Amino acid sequence: MRVSVIGCGYLGAVHAGAMAALGHEVVGVDVDAAKIAALSEGRAPFFEPGLPELLAQTSASGRLRFTTELSEIAGCQVHFVCVGTPQKRNEFAADLSFVDTAFEGLLAHVRPGDVVAGKSTVPVGTAERLGDLLAPSGATLVWNPEFLREGFAVQDTLHPDRLVYGLPTDDAGVATSAGSAAKALLDEVYATPLSEGVPLVVTDYATAQLVKVAANSFLATKISFINAMAELCEATGADVTALADAIGHDVRIGRKFLNAGLGFGGGCLPKDIRAFMARAGELGVDQALSFLREVDSINMRRRVRTVDLAREVCAGSIVGRRVAVLGAAFKPDSDDVRDSPALSVAAQMQLQGAHVTVTDPQAIGNAQRAWPDLTFAETALEAAAGADVVLLATEWAEYRALDPEELAQVVRTKAIVDGRNVLDPAAWRRAGWTYRALGRP
Ligand code: UDX
């Protein structure tokens, strides 16, 4: 099938490659010429494991091309809208300008019977409005949220744990005939994952839009829950990692997303819970989501607490102290620094008078653009040279595997703050280090 992908960021670039891998003929469109130039040469414009291989394989097949010209989507039967919906400046609400621009552009090129599949995360009610906008063209809007995780984006797109279609419905809540036809077309697009048994939930617009923000809110809540427990552990001398292991054995709770530490960041969880709260307020049900305000606060307190821990190990002051921050990306296997807890803590310490050197295997370029005043180093050993305290802020495999004896050779003071609870405290203490972590004695 001929499909277009509008917006080639972390979501769209991977989606375009994955659609080509599924055998479709794909054109990816983005307004960013540099991004399109890279993708056209088969290069990934950001770090995502498996994406370069996916692009190489699918570009060679001739089924995948990229352009800045929206008119080149003409002739495609299915159009995936994958543009960003960042948080508005000085507001909690989502900025829908990229989505609106994409739909206005689409209107000129879609034909009757085409399907437009909305993948961007939007406030509930947006699909209804966009569906009306599209109606005169004869194309049908399906809301088809995306659940990929950065770092696992290729795997998550090719083998999703579920697919969700939000179809247009009549007054009785039944899919319209155009909706049913659109479903059949999407079933063809996703024939491979569906044949592998990937669960499909077919529902209405409102539910499909809510599924995405509900899922992200649940994940954020789970992380903040364990981080709230970490605060209790800090007050009582308990160990949050043992607590998470113990409660995680209950299958109703589960161990995943119970890693206490610096908390969540990135381009999705923080802005999605905020946009969800803003939308609930508009709908007159803000009370239903007031707990998310607490989820957000708990998350932000972890950053403050981490700076405090660094201060404690520096005998009460970080002014003039050398701090090595290991990690700048919001999570390992990504170069994304959007709302990165690691970078936020690094910047805070710098603003409070410390001399901060940050390192990251992939995110230094993005981090440097966001915080040019910080000092950057290529490796953990370089960053830690002469350090009074080392902070592990993003749990890249190479930082988890650091040898305390080797790192001890370069630092000034053997003090480490484990912001992700991934190091073995006993091993580091045996090597003479002062080891501190969030929620652990
Ligand atoms: C998230 C959702 O997981 C994904 O389904 C959605 O499509 C987009 O948003 P992503 O932003 O890539 O994906 O990252 P995720 O793996 O969810 O991690 C988010 C943040 O939570 C990271 O900063 C991570 O370090 C943090 N985290 C995660 C924890 O602090 N503790 C955990 O136990 C898990």
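All values reported here derive from a predicted model rather than from experimental measurement. As the structure lists them, so they are numbered: ligands from 1, and atoms in each ligand from 1. Excluded from the calculations below are hydrogen atoms, water molecules and symmetry mates; all remaining heavy atoms, backbone and side chain alike, are included.
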Sub-4.0 Å heavy-atom environment of ligand 1, residues by chain:
E146, F147, L148, R149, E150, K212, N216, L219, I223, F257, L258, N259, G263, F264, G265, C268, L269, F330, K331, R420
So, is the end of the R279 side chain (NZ or CZ) under 6.0 Å from the ring centre of F276 and within 45° of the ring's axis?
no
Salt bridge check, [Y] against [X]: does any charged N sit closer than 4.0 Å to a carboxylate O?
{"X": "D296", "Y": "R274", "value": "yes"}
{"X": "E150", "Y": "K331", "value": "no"}
{"X": "D339", "Y": "K271", "value": "no"}

Could you pull out all residues at least two apart from D336 that satisfy salt bridge (charged side-chain N to carboxylate O under 4.0 Å, His left out)?
R338
F98, CZ atom: more than 12 neighbouring heavy atoms under 6.0 Å
no
